[in-house]
Amino acid sequence: MTTRTDYCGRLTDADIGRTVTVCGWVSKRREHGEHLAFVDLRDRTGIIQCVVDHAHDIRNEYVLSVTGTIRARPAETINSELPTGSVEIGDASVEILSRAEPPPFQIDGRVEVDETIRIRHRYLDLRNSRMQRNLRSRSAINASIRRAMDAQEFVEVETPMLIASTPEGARDFVVPSRLSPGNFYALPQSPQLFKQLCMVGGIDRYYQIARCMRDEDLRADRQFEFSQLDMEMSFADGETVREVISQAVSEAAETITGERPGPIPEISWLEAMNKYGSDKPDIRFGLELVDLTAIFSETDFNAFKAPCIKGLKVEGGSDLGRNQLDQLTDKAKNWGAKGLVWVKVGEAGEVTSPVAKFMSESEIAYMLSELEAEEGDICFLVADDWKRAVHVLGLLRLELGRPPVNEGGFHFVWVVDFPLFEEVDDQGNPTPAHHPFTMPHEDDLAMLSASSDAQDLLKVRSQAYDLVLNGWELGSGSVRIHQREIQQQIFNLLGIGEEESQVKFGFLMDAFRYGAPPHAGFAFGIDRLAALLVGEENIREVIAFPKSQSGTDPLTEAPTSIDEAQLEELGLKVIPETL
RNA sequence: GGUCCCGUGGUGAAGUCUGGAGUUCACGCCGGCCUGUCAAGCCGGAGGUCGCGGGUUCAAAUCCCGUCGGGACCGCCA
């Protein structure tokens, strides 16, 4: 085999006269009679046209080494669509390095291909320019993140993949232990505890591009395994952490788009929930939620006798048909709403609505003015408890107005002042909104110790913050508790007793005995960041070998059964599924 | 655990609502022709368990039930 001298996609007018050897796959061949044929050869950089005497024995996707002299194309045959379109390899001699069967799908992207088929033959799909671009972009993002972190004197530390399972958080993937039959390792959901130990260990500034595993249902933006930029820093507050992360994501965004995003705005969790009905607001568009509770405080309409009424207005939406409205109502119910009220605005404030007769004229007028609704608009109202009302309307807002992933630019936003606790569980214990090591807001510490009522605790703010991009949660972080006393207090509130906390997190609590620095950190998902930056609405498009929504790998067929001997060695027995 | 959408030659789509011969279109594949194409062109050809199973019917890609696979979403994801 002749040694490659050049990449296909990089040959230009400057190379005219050079004798080159390129290697790659046959993208296309065009034969013109007995003694003229064109072969488009493709490698990772692009395509070059090779002119050969004949191509009878060449087929698409054959692997060739082509040697010839670069020459300018005749003026009338220049292909402006192709970066290499002004030159060609003339009088090329071809060496077939590998023959190929016709691929199960066309690699040129001319016809769309079912994603399962693409993934089953990912080694072919990867030849396509889309995947080439996506994986290269992802690689560039990783490099730019490392550059940003290195520049800020962070140290990359690797943490173990085989760790102890803790019942908190997502479902663990577990690995049976051969040397300790009946015991299991867990794969990390994140390096959370280890990075905090790094802080106790004086690393001061830690980062890692870490693989994490969570055994939860898959989505367009969720796979079992994912990568995150994980970081932690000592003697730093949340603001400093956000500044560091802003640098890293800005660097990444600039690498891909060529444009550095401006300063990232902050919004409080409460404001995000009230305006967008989501803790990961997509601020590329309006359709903001408006509070209408006070307007209907005197209502006789039973459905509106609720703790909270929220509404949103769609400009020019009154042409929505009954069918569409019914479908939206069904969706709202599926999201947990009892119902969805719509109000169409006609001439001079005349309204059309199935529930118009239950609203007084003043209520209607007040509502329309609050929503700034005018002729031709439609308003949607949800009455429920606050949480459900904003949740349902938030989802409706996305349904009605969310632009495609590659439109509207990149709108990062920090969501700050998350509540410390999410809700109260069956046992009356609050559940942590972030994780149990999150430091409460300094101003709310008093509330924390004084309060005996679980409902009051839900008002306690934490020093936790999320980074959101175009409605996707990129990641979250917090100031951590570094004092054992506060940590124990939180554990107590969560219903985790001293003994239990010692069993689950004893090593961290022990570490904190020996001089724990104040510290704070963050982690964001690289798959999501990469997908958004390259304009893909699905993280599978930036993952070389992804899994299907049901968690199987169409390529390797994983998960598979294992044989009896293997099970026995691990001390495992499979219970047959009984129907 | 739940809601919705999809499954038709190798690939993508139409056909399904309103049952009537495996019908159609584009790409690919195979053969032939063709000396400047580049989504080459022209001529010819091959290629099907309409995901699978059952039911209704004189007749099912089409209607019904079940099931499998894929996707989007709700729940879940500290």
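By convention in this document, chain letters (A, B, ...) are assigned in the order of the sequence lines, proteins followed by strands, and residues within each chain are numbered from 1.
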Looking at residues at least two apart in the chain, or sitting in another chain, which of them share a side-chain contact (heavy atoms from CB on, under 4.5 Å) with [X]?
| X | value |
| --- | --- |
| A:Asp510 | A:Gln502, A:Arg513 |
| A:Arg44 | A:Tyr7, A:Arg10, A:Gln132, A:Arg136 |
| A:Val424 | A:Ala454, A:Gln455, A:Leu458 |
| A:Leu398 | A:Asp282, A:Phe285, A:Arg402 |

Measure from [atom1] on [X] to [atom2] on [N] and round the result to the nearest Å.
| X | N | atom1 | atom2 | value |
| --- | --- | --- | --- | --- |
| A:Phe38 | B:A39 | CZ | C1' | 15 Å |
| A:Glu399 | B:U3 | CD | C1' | 12 Å |
| A:Asp114 | B:U11 | CG | C1' | 10 Å |

Residues A:Arg130, A:Glu536: salt bridge by 4.0 Å N-O rule: yes
A:Glu407/A:Arg284 ion pair, N-O < 4.0 Å: no
Using a cut-off of under 3.5 Å, enumerate the N/O to N/O pairs linking the protein to nucleotides 6-10 of chain B.
unit_1 : atom_1 : unit_2   : atom_2 : d
B:G10  : O2'    : A:Pro104 : O      : 2.6

Counting only heavy atoms and a strict 4.0 angstrom limit, can you tell me which residues of [range] come near RNA chain B?
| range | answer |
| --- | --- |
| residues 320-334 of chain A | A:Asn334 |
| residues 217-228 of chain A | A:Asp217, A:Arg219, A:Ala220, A:Arg222 |
| residues 42-56 of chain A | A:Gln49 |

Hey, do the aromatic rings of A:Phe491 and A:Phe505 have their centres closer than 6.0 Å?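 Under 6.0 Å, so yes.
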Report the nucleotide, chosen from B:C74, B:G28, B:G71, that has the shortest atom-to-atom distance to any side-chain atom of A:Arg540.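 Of B:C74, B:G28, B:G71, B:G71 is nearest to the side chain of A:Arg540.
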From the list B:C73, B:U37, B:C77, which nucleotide is the closest neighbour of the side chain of A:Glu216?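 Looking only at side-chain atoms, A:Glu216 lies closest to B:C77.
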Contacts of A:Trp414 that satisfy ring pair (Phe, Tyr, Trp, His ring centres under 6.0 Å) - sequence neighbours left out: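 For A:Trp414 the ring pair (Phe, Tyr, Trp, His ring centres under 6.0 Å) partners, ignoring immediate neighbours, are A:Phe522.
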Sequence neighbours left out, cut at 3.5 Å: what donor-acceptor pairs do the side chains of residues 327-338 of chain A make with other protein atoms?
unit_1   : atom_1 : unit_2   : atom_2 : d
A:Thr329 : OG1    : A:Leu325 : O      : 2.8
A:Lys331 : NZ     : A:Glu399 : OE2    : 2.7
A:Lys338 : NZ     : A:Asp384 : OD1    : 3.1
A:Lys338 : NZ     : A:Asp384 : OD2    : 3.3

Grab the N/O contacts between the protein and nucleotides 40-44 of chain B below 3.5 Å, and write none if there aren't any.
unit_1 : atom_1 : unit_2  : atom_2 : d
B:A40  : OP1    : A:Lys28 : NZ     : 3.4
B:A40  : N6     : A:Glu31 : O      : 2.5

Would you list the pairs meeting side chain to side chain donor-acceptor pair (under 3.5 Å) in which at least one residue belongs to residues 464-473 of chain A, sequence neighbours left out?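 Listed by first then second residue: nothing to list.
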Under 3.5 Å, is there an N or O donor on one side and an acceptor on the other linking the side chain of A:Arg73 and the base of B:C38?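 Answer is yes: a donor-acceptor pair is held.
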Answer with yes or no whether A:Arg71 presents, from its side chain, a donor or acceptor under 3.5 Å of a partner atom in the base of B:G36. yes
Would you measure the distance from the C1' atom in B:G9 across to the matching atom in B:G71 and give it in whole Å?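 Between the two C1' atoms, the distance is 24 Å.
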